[in-house]
Amino acid sequence: MKIKRIRPEKLEEAEISQIAGGDEKIIKSSKQFKFNWKLEKENDIYKIYLVDNEDTILGLISLIDIPAELRIHINLIEVSFENVGKEKKYDWIAGCLIAFACAMSIEKAYGGFVSLIPKTKLINHYCKKYGFKQFGRQLAVDNQESVDLVKKYL
Amino acid sequence: MNPHNKTYKELQKQFTDEEIADGYMIPATLTDKEKEESDKEMRRIRFERLANQTEEQRLLTEVTRLRIKIGKYLKSKIFSQEFSFGKMLGEYVMILQKNKKTFAEDVDVHYTKLSRLLNDKEEPNISFMYRLEKHSDGIIPTVYWWKLMVRKQEYLIEQDSEKRKIEGERVKNFLKFSA
């Protein structure tokens, strides 16, 4: 998968893998991550990093596999602080993480179904940018929208 | 109380809502009762969508699953006969639930040629790979099929010491550097 460097504009190869023991310390001590990721330890946490710089974590995603409902639930996403806002160095980090969840759902034969329950104020953004549909409090993608995210970001 | 709320409030002091949404997915604060109701509703929706899944949607996600499978293999750098061009093509045809004759007509190759490709008795040409890309509506790109074939060829080149020796004996005036 590729993420977009803003200045100079170019695509760089990135990878996603499950966090390992050493990563927890890095995440905790890093000023790049503001959320308490220890609270997500019951879930599956994945990190995204550049292939050329594996030591720098660019983003994290907390996933819950719900096999009984054939769905993957995104519980938390955090892009490294320096890549949020107007001054960010890289774009597409969150997109790659969401597409990764879609790919996991497709691989597990869940039809690409991925759900999340974001803060109300942020709902429109996820619908507009990633094609999520609103079902009551929850948002979800599946089938075509999920495949589109995989094709775009992975 | 959502344990992530404090951090969310701090972020709101520095970023707009759109910037926050672009960099984070922060879970909503729900009471136990709201969460229970929300989960119940999602379960209902999930099974409703499953029940209404069309054949086209099944095909779409299954072909994408194959794309992901091939992509992961290509990333691994190893060669496995289980991921040969013929095996992956066979899996594609199986997902389509079409017989070989119909598929051969779809991609404009003779049935015998298709059988040879499926059994790895013949290497595909690029034209055929372009047709496969078109057939999958671009979900499995030509380059994926190409890399599957090249992966096997790389492996065969590395292993074929006999052919290397035979061909080497036909070379004259070759460069020879002292160690």
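These values consider heavy atoms only, across backbone and side chains, with no hydrogens, waters or symmetry-generated copies.
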Once rounded to the nearest 0.5 Å, what's the spacing between atom [atom1] of [X] and atom [atom2] of [Y]?
X: I68(B); Y: I106(A); atom1: CD1; atom2: CD1; answer: 4.5 Å
X: N75(A); Y: H4(B); atom1: CG; atom2: NE2; answer: 6.5 Å
X: E10(B); Y: F35(A); atom1: CD; atom2: CZ; answer: 9.0 Å
X: L60(B); Y: Q144(A); atom1: CG; atom2: CD; answer: 5.0 Å
X: E18(B); Y: H125(A); atom1: CD; atom2: NE2; answer: 6.5 Å
X: M25(B); Y: E78(A); atom1: CE; atom2: CD; answer: 11.5 Å

Counting heavy atoms not belonging to [X], are there more than 12 under 6.0 Å from its [atom1]?
X: Y155(B); atom1: OH; value: no
X: E15(A); atom1: CD; value: yes
X: D32(B); atom1: CG; value: no
X: E9(A); atom1: CD; value: no
X: Y130(B); atom1: OH; value: no
X: E87(A); atom1: CD; value: no
X: E55(B); atom1: CD; value: yes
X: E56(B); atom1: CD; value: no

Do the non-hydrogen side-chain atoms of L11(B) and F81(A) ever get within less than 4.5 Å of each other?
->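 L11(B) reaches F81(A) side chain to side chain.
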K121(A) vs Y8(B) side-chain heavy atoms within contact, under 4.5 Å = yes
With only heavy atoms counted, which part of [X] is less than 4.5 Å from chain B, the side chain, the backbone, both or neither?
X: Y126(A); answer: side chain
X: D91(A); answer: side chain
X: K108(A); answer: neither
X: L39(A); answer: side chain
X: L70(A); answer: both

Considering only heavy atoms, which portion of [X] lies under 4.5 Å from any heavy atom of chain A: side chain, backbone, both, or neither?
X: I45(B); answer: side chain
X: E37(B); answer: neither
X: Q12(B); answer: side chain
X: I26(B); answer: both
X: Q14(B); answer: side chain
X: K69(B); answer: neither

Could you go step by step and tell me if R67(B) and K151(A) meet the side chain to side chain contact (heavy atoms under 4.5 Å, CB included) rule?
-> CA-CA 10 Å; R67(B) 170 199 164 111; K151(A) 280 169 76 177; 3.9 Å; yes
Establish, yes or no, whether the cationic atom of R46(B) lies under 6.0 Å from the six-membered ring centre of F113(A) and within 45° of the ring axis.
->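 The answer is yes; both the distance and angle limits are met.
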Quick check: closest heavy atoms across [X] and [Y], and the distance to 0.1 Å?
X: A28(B); Y: P118(A); result: CB-O, 3.3 Å
X: G111(A); Y: T61(B); result: O-CG2, 3.6 Å
X: F47(B); Y: E69(A); result: CZ-CA, 4.1 Å
X: R137(A); Y: T29(B); result: NH2-O, 4.1 Å

Take Q53(B) and N143(A) through the side chain to side chain contact (heavy atoms under 4.5 Å, CB included) test and state the conclusion after the steps.
-> CA-CA 9 Å; Q53(B) 192 184 38; N143(A) 299 317; 3.2 Å; yes
Shared ILVMFWY cluster between [X] and [Y], side chains joined below 4.5 angstrom?
X: Y111(B); Y: F103(B); result: no
X: V143(B); Y: I126(B); result: yes
X: I77(A); Y: V141(A); result: yes
X: I26(A); Y: Y49(A); result: no
X: V51(A); Y: Y153(A); result: no

Output yes when K129(A) and D22(B) qualify as a salt bridge under the 4.0 Å nitrogen-oxygen rule, no when they do not.
->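 D22(B) and K129(A): salt-bridged.
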Q138(A) side chain vs S38(B) backbone, donor-acceptor pair below 3.5 Å |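 The answer is yes, because a donor-acceptor pair under 3.5 Å joins these two groups.
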Walk me through it: do L122(A) and Y24(B) pass the test side chain to side chain contact (heavy atoms under 4.5 Å, CB included)?
-> CA-CA 9 Å; L122(A) 312 179; Y24(B) 305 88; 5.9 Å; no
Could you check H73(A) against M42(B) for side chain to side chain contact (heavy atoms under 4.5 Å, CB included), going step by step and ending with a plain yes or no?
-> CA-CA 11 Å; H73(A) 184 78; M42(B) 179 46 71; over 6 Å; no
